[in-house]
Each structure stands twice: as structure tokens, then as C-alpha cells.
Amino acid sequence: MALPQVNASRYTTVIPSTGTEIEFRPFLVKEEKLLMVALESKDNKLIVRTLKDVILACTFDKVNVAKLASFDLEYLFLQLRAKSVGETAKIALKCAECDESMKHNVVLEDIKLNVPKDDKIVMLTDKVGIQFKYPSVNDMDELNLSDIEGLTQEQQLAATETLILISMDQIFDEDEVHAVENYTKDELVDFVGGLNSSQFQKVTEWFADMPALKHTLKWDCKKCEHSNVVELRGLQSFFT
């Protein structure tokens, strides 16, 4: 005789980048243990792999996690965490003035992720522009940009150019739209290489301004009374 089902709760949320509504369940104790081990490891590849596995299981295998944007993955985990463990997370922060460490409660529902509807177009000139698509979790994982500061300037430039290539969707002017999939990698490399410095900067700024899981926390130190302002960004910031 089968044992009774004890985890029947179901909730709904939306995938931020697409607005698609999905159904999910809270994660189980065994899944929570895997998540905590991954987060504590500080190993970005292990964290991403574990998040993908847990989110796939908790969405009943109906979400293509490989194609999620990185901020989709973080947002969905936050929804899972709120319904599975609790609506608040306790984090440790240090005062910028005296280095005193304090615990703070963050209400997870206060953490918002705004995704503008018309933010994927970068105009290079008055007539020529690029329409981008958000790089997927797999794209970001393969590039391993979490350690970009440890790369040489040449390596950083190469990684940035690769990110641009995999994120371009269409190139257009006033007369025609060119689907990137119809062109070879060499042709696209030549196009990106033909940008001037200000045009290239516009493109890199688009990536820097992509939606991200973040929350500004203001607090006064109990020891020295210094007023602190801290921006929490990325999953590890919320669970330290």
C-alpha cells in the first residue's frame, strides 16, 4: 500500500522575461539540502545546475529551464523559497563604518523584478539597430562570466563579443530586417567588429542594464549609528 501524499500544495507565478504563467510546488526537504549545499559552496556552476534541477522538478517538468534567462532562474527560486521555507530571509551585513556585523530580515515579497517590455532594441545609428534576446541560463553558464574580473582585458573583450553574438536576434535598418540565424558566425563577427567604440559601448550598456534580482536595504548601525545603504544583488546576497 502506497504512503499518503503530504506535499499537495500548488501555486502560480509568471516567468518574468516572457510573462508566461506557470504552476509550481514548494521544494522538498531533500531538495532544500541540495540547494543549501550549492549556495554555500560559492561554486557558480554547481549553484546553477542545482537550481535548474530543483526548478524543473518543482514545476512538474513543464518549464524549459535551459532557455530561462538568468534573472528568470533567480526569480523563480525566490518564489519557491518563499512558499517552501518562509516569506523572510535572515542575512548578515557589516557596517561600512565600523565593520560591525548585524542580522537583517528581508521580506522576499519586497524584492521586485521589473522587466521593461521594449528594452531589447539598441539603436546604433538613427537608422540601424539590433534587437536582442536575453541570454539563456545555459549561455551564461558556458561563458562563466561570474569570474570575468579575473580575466585579462583581452579575454574579457572576447567573452563580451561572444555574449553579443549569442544574444543578437535581428539586425535592422529602415528598409529591411535581417534575422541573425540566416547569417554565418563569421559574418556576424565582422558586423560586431565593425562597430565604433560608442556603438559598442551602447551594446555593452544594454547587458549591464539587464533585469536582475536586487533589493536596496537601508539600516542604521546599532554600534556607531552610521546610516548604511546596501544593494543586494543575486541569489547569494539574499542567503548569506
Side-chain angles (χ1 to χ4, degrees), residues 13-22 44 48 51-52 55-56 59 62-78 111-149 151-214 231 233-234:
T13 188
V14 297
I15 298 175
S17 66
T18 64
T20 304
E21 185 176 279
I22 62 170
N44 190 62
V48 171
L51 287 175
K52 287 164 60 177
I55 288 174
L56 181 64
T59 54
K62 293 183 179 180
V63 173
N64 189 341
V65 293
K67 292 189 175 181
L68 293 176
S70 57
F71 57 84
D72 287 329
L73 193 76
E74 294 182 342
Y75 179 80
L76 291 179
F77 171 73
L78 205 65
I111 303 169
K112 306 301 181 184
L113 182 61
N114 297 317
V115 182
K117 293 182 179 179
D118 302 316
D119 74 332
K120 294 183 180 179
I121 292 177
V122 175
M123 295 303 300
L124 304 174
T125 69
D126 292 341
K127 299 178 180 179
V128 180
I130 304 173
Q131 179 170 311
F132 286 95
K133 56 188 177 182
Y134 294 123
S136 71
V137 171
N138 278 10
D139 292 334
M140 300 298 285
D141 191 31
E142 289 177 11
L143 286 171
N144 196 24
L145 295 181
S146 61
D147 189 36
I148 194 168
E149 292 183 0
L151 303 178
T152 65
Q153 187 172 0
E154 184 178 354
Q155 290 172 326
Q156 288 184 24
L157 179 59
T160 301
E161 289 179 338
T162 300
L163 183 59
I164 293 171
L165 292 176
I166 61 179
S167 303
M168 290 194 302
D169 190 26
Q170 297 177 338
I171 301 168
F172 61 90
D173 56 25
E174 58 183 345
D175 299 318
E176 196 170 358
V177 175
H178 306 270
V180 167
E181 62 186 15
N182 295 330
Y183 294 84
T184 66
K185 180 179 179 179
D186 287 342
E187 289 173 319
L188 298 175
V189 168
D190 286 342
F191 175 81
V192 173
L195 302 179
N196 61 39
S197 58
S198 62
Q199 292 166 342
F200 190 77
Q201 183 176 353
K202 286 182 181 180
V203 173
T204 57
E205 286 175 350
W206 181 83
F207 287 99
D209 293 337
M210 278 198 311
L213 192 66
K214 55 187 177 181
E231 182 182 76
R233 189 182 183 96

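Here, residue 1 is the first one in the sequence, and each next residue gets the next number.
Evaluation of the ring-ring contact (aromatic ring centres under 6.0 Å, His included) rule for Tyr75 yields no partner, not counting sequence neighbours. Residues satisfying the side-chain hydrogen bond (donor to acceptor under 3.5 Å, both in side chains) criterion with Gln201, sequence neighbours excluded, are Glu205. Taking the side chain to side chain contact (heavy atoms under 4.5 Å, CB included) definition, one finds that Ala66 meets it with Asn64, Asn138, sequence neighbours left out. When the ring-ring contact (aromatic ring centres under 6.0 Å, His included) test is applied to Phe172, no partner is found at least two apart in sequence or on another chain.
At a threshold of 4.5 Å between non-hydrogen side-chain atoms, the residues Leu56 and Val63 do not count as touching. Leu165 places none of its side-chain heavy atoms less than 4.5 Å from the side chain of Glu161. The side-chain heavy atoms of Ile22 and Lys62, taken from C-beta on, include no pair separated by under 4.5 Å. Inter-residue side-chain proximity for Val203 and Phe132 is flagged as met; some heavy-atom pair is nearer than 4.5 Å.
Here the closest heavy-atom approach between residue Ser17 and residue Tyr134 is recorded as CB-CD1, 4.0 Å. Smallest separation of non-hydrogen atoms from Ser167 and Phe207: OG-CE2, 3.5 Å. Looking at every heavy atom in both residues, Met210 comes nearest to Arg233 through O-NH2, 4.4 Å.
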| said: Is there a side-chain contact (heavy atoms from CB on, under 4.5 Å) between Leu76 and Leu68? Walk through the geometry before answering. | reply: CA-CA 10 Å; Leu76 291 179; Leu68 293 176; 3.9 Å; yes

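Residue-environment remark: NZ (Lys67) stays at or below the threshold of 12 foreign heavy atoms within 6.0 Å.
Note that NZ of Lys133 is 10.0 Å distant from CD of Gln170, once rounded to the nearest 0.5 Å. Annotation: the span from Thr160 atom OG1 to Leu163 atom CG amounts to 7.0 Å, rounded to 0.5 Å. Summarising the geometry, atom OG1 belonging to Thr20 is positioned 5.0 Å from atom CD1 belonging to Ile15; distances are rounded to the nearest 0.5 Å.
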Can you list, pair by pair, the side-chain donor-acceptor contacts under 3.5 Å of residues 124-131, counting residues two or more places apart and other chains?
from, atom 1, to, atom 2, distance (Å)
Thr125, OG1, Lys127, N, 3.1
Thr125, OG1, Val128, N, 2.9
Lys127, NZ, Glu174, OE2, 3.4

Run the side-chain donor-acceptor check on residues 187-197: report pairs under 3.5 Å with partners two or more places apart or on a different chain.
from, atom 1, to, atom 2, distance (Å)
Glu187, OE1, Thr184, N, 2.9
Glu187, OE1, Thr184, OG1, 3.3
Asn196, OD1, Ser198, N, 3.2
Asn196, OD1, Ser198, OG, 2.9
Asn196, OD1, Gln199, N, 2.8

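Leu78 pairs with exactly one of Leu113, Leu73, Leu213 by the side chain to side chain contact (heavy atoms under 4.5 Å, CB included) rule, that one being Leu213.
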